[in-house]
Amino acid sequence: MSYLKNEEEVDTYIAEIFRRSMEHPAVGPKLKKAALKMRVDYTDPDTVMMVDMGSSQVLVGEAADEYPWDVALAMTADDGHKFWLGKLNFTVAMTKGKIRTKGPVTELLKLLPLAKPLFAQYEEILREDGRDDLLNVTR
């Protein structure tokens, strides 16, 4: 059983943390400077997300589907959720094939440390929405 039930929940929670990352005083300027266009194809539920760091845009669903990208990731929405809770090691998940990549992944890996201060914000998003049920996940 998936933690996130539909495309709307992926948008409400995962896309929202990407949106907030662009506004974060320490993280946002670094993402903008990197100007990376990242596509993420999620399964269970199936949806696509486009994060354009240079223009601080986050698109989900059909709006994201045809957008040009530099690096692409594919993973389950549960793994995306676990990552933002700080309970999924990105590089280990890549090594084990849980996250599949295309494009210059080294550029993305350079930005990975910027995610850590956002883990608490992701938890805050869930709590604000009364979704404490999504906080208890297994690795």
How about [X] and [Y]: do any of their side-chain heavy atoms sit closer than 4.5 Å?
X: L118; Y: W84; answer: yes
X: M75; Y: F83; answer: no
X: I125; Y: R19; answer: no
X: L108; Y: L73; answer: yes
X: M49; Y: L59; answer: no
X: T91; Y: L109; answer: yes
X: D78; Y: V137; answer: no

Practice prompt. Check whether V48 and F18 end up in the same hydrophobic cluster, where Ile, Leu, Val, Met, Phe, Trp and Tyr are linked by side-chain heavy atoms less than 4.5 Å apart.
Written response: no
Discussion item. According to a hydrophobic-cluster definition based on side-chain heavy atoms being under 4.5 Å apart (Ile, Leu, Val, Met, Phe, Trp, Tyr only), do Y13 and M50 belong together?
Written reply: no
Worksheet item: Salt bridge between R131 and D129, side-chain N to carboxylate O under 4.0 Å?
Response: no
Tell me the closest heavy-atom pair linking [X] and [Y], and the distance in Å.
X: L4; Y: E9; result: CA-OE1, 3.4 Å
X: M53; Y: L31; result: CB-O, 3.3 Å
X: Y42; Y: V10; result: CD1-CG1, 4.1 Å
X: A77; Y: I14; result: O-CD1, 3.8 Å
X: V27; Y: H24; result: N-ND1, 3.1 Å

Practice prompt. Quick one: which residue pairs count as a side chain to side chain donor-acceptor pair (under 3.5 Å) with a foot in residues 114-127, not counting sequence neighbours?
Written response: H81-Y122, E123-R127
Nearest 0.5 Å, what's the [atom1]-[atom2] distance between [X] and [Y]?
X: K98; Y: N89; atom1: NZ; atom2: CG; value: 11.0 Å
X: Y3; Y: L85; atom1: OH; atom2: CG; value: 9.0 Å
X: M22; Y: S55; atom1: CE; atom2: OG; value: 7.5 Å
X: L112; Y: M94; atom1: CG; atom2: CE; value: 9.0 Å

Review item, side-chain donor-acceptor pairs of residues 63-70, under 3.5 Å, at least two apart:
unit_1: D65; atom_1: OD1; unit_2: R39; atom_2: NH2; d: 3.1
unit_1: Y67; atom_1: OH; unit_2: D52; atom_2: OD2; d: 2.6
unit_1: Y67; atom_1: OH; unit_2: Q57; atom_2: OE1; d: 2.9
unit_1: D70; atom_1: OD2; unit_2: K37; atom_2: N; d: 2.8

Discussion item. For residues 25-36, which residue pairs pass the salt bridge (Lys or Arg N to Asp or Glu O under 4.0 Å) check, not counting sequence neighbours?
Written reply: none
Worksheet entry | Intermediate values then yes/no, side chain to side chain contact (heavy atoms under 4.5 Å, CB included), D133 and L126 | CA-CA 9 Å; D133 61 305; L126 297 172; over 6 Å; no
Fill in: Check: K5 main-chain N/O paired with S2 side-chain donor or acceptor under 3.5 Å
no
